[in-house]
Amino acid sequence: MKPDNETRSSKIITKVRGMKLHTQILIALVLGAVLGPPLGNIAVLIKPLGDAFINLLVMVVVPLIMSSLIVGTASLGNLRKLGRIGLKTVVYYLFATALAVAFGLGAGLAFGPGRGMDEEVKDSIKTEYAEDAAARVEQAIAQRERGSIGDFLVRIIPRNPFKAMAETDFLGIIFFSLLFGITLTMLAEEKRKPVVDVLNSVNDAMIVMVKMVMKVAPIGVFALIASVAAQFGYQVLYILLKYVVIAVGTMIVFTFTFYPVTLRLSGMPPVLFFRRFYEVMLFAFSTSSSNATLPLNLQVSEEDLGVSSEVASFVLPLGATVNMNGTAIYQGVSVIFIAQVAGWDLGVMDLLTVIIMATLASIGAAGVPGIGMVTLTLVLTQLGIPLEWIALVVGVERILDMTRTAVNVTGDAACAVWIAKTEGELNIPPVDTY
Ligand code: ASP
């Protein structure tokens, strides 16, 4: 390399290093999307870099939420407050999710994504994705076998907390951590303090670890996006463009109407929220996983949005599992799309069933890639629509998964801001300290 080339590249490196992390992530995302298709197989080969990055983050999640939840509850010393926060969170999540399904259904009915689809196109899509669809259906059947709603309530209580940790069973982990924290408040000070001190340090260490891991985020994001773009290209998107545009459009409208209302109620200007939070949205978009985004969401909500760590550490992990507004919208639009293509008439009762089923289906479904489509099969089954029709949406699943995950994490943070406000625990950092 010539010396002036060397200085130029080292200048570029210094410049990139000096950029804010979210700018780096954004550039990585755009570069990945643009370079993915021409890179082809090379892009697919570097995917492990992206997967390794997700593993690094998911690795932090369990110790991070456990330590912060236990410390938070143990220092709370006020069970009434905990009950109040819990109740408000659950009510908000149920309301937002049901509203999101209704939004999706409304958009589907208004714009008719599945109306007038050519028989030939229909058949070719069905044949092309039949195998993939069968695999999803199998996954859904396995999930359904795990039990009914009653069983689900029982399952929140983990028989073995270590198993819950090993399986990243968030609801089980949250239940155990809360109870552990509460129990600690009942111990004498000299017994309680060492445990809380240790967990406090664990929590601090995990936060530092997240910051370290995030330094390689641009590489991970580039690898993930490039491999998606290389694998799927833009062809499939084109065929199903209308459905994708309606689904993504509805998610965007929901994000910029419903959340601003929540934020205004909390006294936080929506523009400020989105300016400080968009890094988390980009991140969720790249990873398609609310769980992998959780550490960053916690960090940004506390440091940049000013949510107290007590509220964030309860509301956000719960939301990663329970509150999936993007997924709910996706289900509403997809049910209408599939029903229209399959020639299935849906009455008012069917629509109500979809709202209830899709809301319930999103609760307890883990925040991992692709789970929204698995739970979609539960809703279709309830309506009696043959599951083979799921083949229609498999091809564009990934791009929708990315979008809905970005909406999912935004919904959790908006709720955290609102709860923090109602508890008097929202201290929005001024612009200059940000
Ligand atoms: N990938 C989504 C999430 O992690 C869930 C889904 O598949 O809809 O939030």
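Note that ligands are numbered from 1 as they come in the structure, with each ligand's atoms numbered from 1 the same way. Remember, it's a predicted structure, so these values are computed and weren't measured experimentally.
Here F256 and F274 bring their ring centres to under 6.0 angstrom of each other.
Interface atoms of ligand 1 facing S289, defined by a heavy-atom separation under 4.0 Å, are 4 (O). Within ligand 1, counting atoms from 1 as listed, the ones closer than 4.0 Å to a heavy atom of R404 are 6 (C), 7 (O), 8 (O). Numbered from 1 in the order shown, with element, the atoms of ligand 1 that lie under 4.0 Å from a heavy atom of T327 read 5 (C), 6 (C), 8 (O). Near S288, meaning under 4.0 Å from any of its heavy atoms, are these atoms of ligand 1: 1 (N), 4 (O). Short contacts between ligand 1 and G372, defined as distances under 4.0 Å to a heavy atom of the residue, involve ligand atoms 6 (C), 7 (O), 8 (O).
The ring-ring contact (aromatic ring centres under 6.0 Å, His included) test applied to Y93 returns no partner, not counting sequence neighbours. By the salt bridge (charged side-chain N to carboxylate O under 4.0 Å, His left out) test, K88 is found to be paired with E423, residues two or more places apart in sequence or in another chain being considered.
Residue contacts with ligand 1: M324 is placed with no nitrogen or oxygen under 3.5 Å of a nitrogen or oxygen of the ligand (distance criterion only).
Formation of a donor-acceptor pair under 3.5 Å by the R276 side chain with backbone atoms of D304 is found in this model.
Side chain to side chain, S301 and N297 meet the donor-acceptor criterion of an N or O pair below 3.5 Å.
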